[in-house]
Amino acid sequence: MGVGDLDEEDHQWPPWLKPLLKERFFVQCKFHIDSHKSECNMYCLDCTNGPLCSICLSNHKDHRSIQIRRSSYHDVIRVSEIQKYLDISSVQTYIINSAKVVFLNERPQPRPGKGVTNTCHVCDRSLLDSFKFCSLGCKIVGTSKNFQKYKIGAADSDGSYSNITSNFSPSTPPPVNYRTVKRRKGIPHRAPTGVLLAI
């Protein structure tokens with residue numbers, strides 16, 4: 001791969017996209033800690049200087065900005081917002097709270113379900129037939145010229161295992177072992193039905 005190839009690949013995507021995918025959203029703003037609107041869920045595409053709270057966003061009035069939302073501990077963005085700035089074709093869309101969204105980063109899936117005919121070209125997540133990628137991060141990785149798909153569970157050349165899109169996925173929570181998690185409810189305990197006392 002020559003230097004020209006690398007430059008061409010960097011220009012394939014807007015300069016704000018890769019920094020956006022590396023950010024951690026929904027943290028408290030370090031400048032507005034005392035405000036009740038200090039959750040950082042906004043991003044300025046012109047400045048690309050990190051997540052912003054709604055108060056910080058007021059300093060970016062004339063800039064292009066987007067709002068990041070949460071779905072099951074994963075960052076999403078409304079299709080109506082992102083498609084103005086980015087081609088999201090071949091990325092699976094989902095309807096969440098009556099809004100069409102796309103996920104920013106890969107969402108690990110332990111194994112595909114039965115009868116799955118189409119999976120993400122990068123992380124093997126189950127998809128509808130007309131899509132190639134489960135997230136914007138997977139699309140970046142999967143469309144790069146030097147992309148080689150690893151089989152799930154395959155070791156790297158040095159014998160270690162690594163996540164393909166680890167450069168972009170900061171917000172995926174660790175998997176939960178449901179066997180060790182305490183159940184909220186056990187066997188229901190009802191009041192004993194004893195003899196009625198009439199006085």
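We're numbering straight along the sequence, starting at 1.
Under a cutoff of 6.0 Å and an axis angle of 45°, R70 and Y73 do not form a cation-pi pair.
Applying the side-chain hydrogen bond (donor to acceptor under 3.5 Å, both in side chains) criterion to N118, with sequence neighbours excluded, gives no partner residue. For the side-chain hydrogen bond (donor to acceptor under 3.5 Å, both in side chains) test, residues two or more places apart in sequence or in another chain that qualify with H60 are H63.
The minimum heavy-atom distance between R24 and P51, with the atom names listed, is O-CG, 3.3 Å. In terms of heavy-atom proximity, F25 sits nearest to M42 at CE2-O, 3.9 Å. Between P15 and P19, the shortest heavy-atom contact is O-CD, 3.3 Å. For V91 against C134, the heavy-atom pair with the smallest separation is CG1-C, 4.3 Å. Closest approach of G137 to N105, counting heavy atoms only: CA-OD1, 4.4 Å.
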- Query: Could you go step by step and tell me if T48 and Y43 meet the side chain to side chain contact (heavy atoms under 4.5 Å, CB included) rule?
  - Reply: CA-CA 7 Å; T48 65; Y43 192 78; 3.4 Å; yes

- Message: Does I96 form a side chain to side chain contact (heavy atoms under 4.5 Å, CB included) with F103? I'd like the steps, not just the answer.
- Response: CA-CA 11 Å; I96 297 174; F103 284 87; 4.3 Å; yes

- Item | Evaluation steps, side chain to side chain contact (heavy atoms under 4.5 Å, CB included), between I140 and K18 | CA-CA 9 Å; I140 288 177; K18 288 182 181 180; 3.9 Å; yes

- Task: Starting from the C-alpha separation in whole Å, work towards a yes-or-no answer on side chain to side chain contact (heavy atoms under 4.5 Å, CB included) for T119 and R125.
- Result: CA-CA 5 Å; T119 60; R125 182 166 196 72; over 6 Å; no

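Side-chain contact check for I95 versus V101: every heavy-atom pair is 4.5 Å or farther apart. E39 has its side chain out of reach of C29: every pair of non-hydrogen atoms, C-beta onward, lies at least 4.5 Å apart. Between V102 and V76 there is no side-chain heavy-atom pair separated by less than 4.5 Å. Side-chain contact between L52 and C40 is absent, with no heavy-atom pair separated by less than 4.5 Å. Between F133 and L127, the closest side-chain pair of non-hydrogen atoms is not below 4.5 Å.
Checked by atom type and distance alone, the side chain of D75 never pairs as donor or acceptor with a backbone atom of I68 at under 3.5 Å. For the pair Q92 (side chain) and L128 (backbone), a donor-acceptor distance under 3.5 Å is present. Here the side chain of D87 pairs a donor or acceptor atom with the backbone of S89 at under 3.5 angstrom. Between the side chain of S71 and the backbone N or O of H74, no donor-acceptor pair lies under 3.5 Å.
Cluster annotation: L57 is not connected to I77 through the hydrophobic network of ILVMFWY side chains, with a link wherever side-chain heavy atoms come within less than 4.5 Å. Each of Y94 and I88 belongs to its own hydrophobic cluster when Ile, Leu, Val, Met, Phe, Trp and Tyr are linked at side-chain heavy-atom distances under 4.5 angstrom.
Look at R64 and E81 and you find no salt bridge, because none of the NZ, NE, NH1 or NH2 atoms lies under 4.0 Å from a carboxylate O.
Checking each of Q67, R69, Q83, K100 against R78 for a side-chain contact (heavy atoms from CB on, under 4.5 Å) leaves exactly one that passes, namely R69.
Atom CG of residue L17 and atom OH of residue Y85 lie 14.0 Å apart, to the nearest 0.5 angstrom. The line from CG of L104 to NZ of K22 is 14.0 Å long, rounded to the nearest 0.5 Å. Rounding to the nearest 0.5 Å places SG of C53 at 11.5 Å from NZ of K30. In this structure, CG in D46 is found 8.5 Å from OG in S65, a value given to the nearest 0.5 Å. In this structure, the separation between SG on C138 and NZ on K132 is 14.0 Å, given to the nearest 0.5 Å. To the nearest 0.5 Å, the span separating CD1 on I82 from CD1 on I66 amounts to 4.5 Å.
Enclosure of atom CZ in F31 is not indicated, since only 12 or fewer non-hydrogen atoms of other residues, nucleotides or ligands lie within 6.0 angstrom. Around atom CG of N59, more than 12 heavy atoms belonging to other residues, nucleotides or ligands sit under 6.0 Å away.
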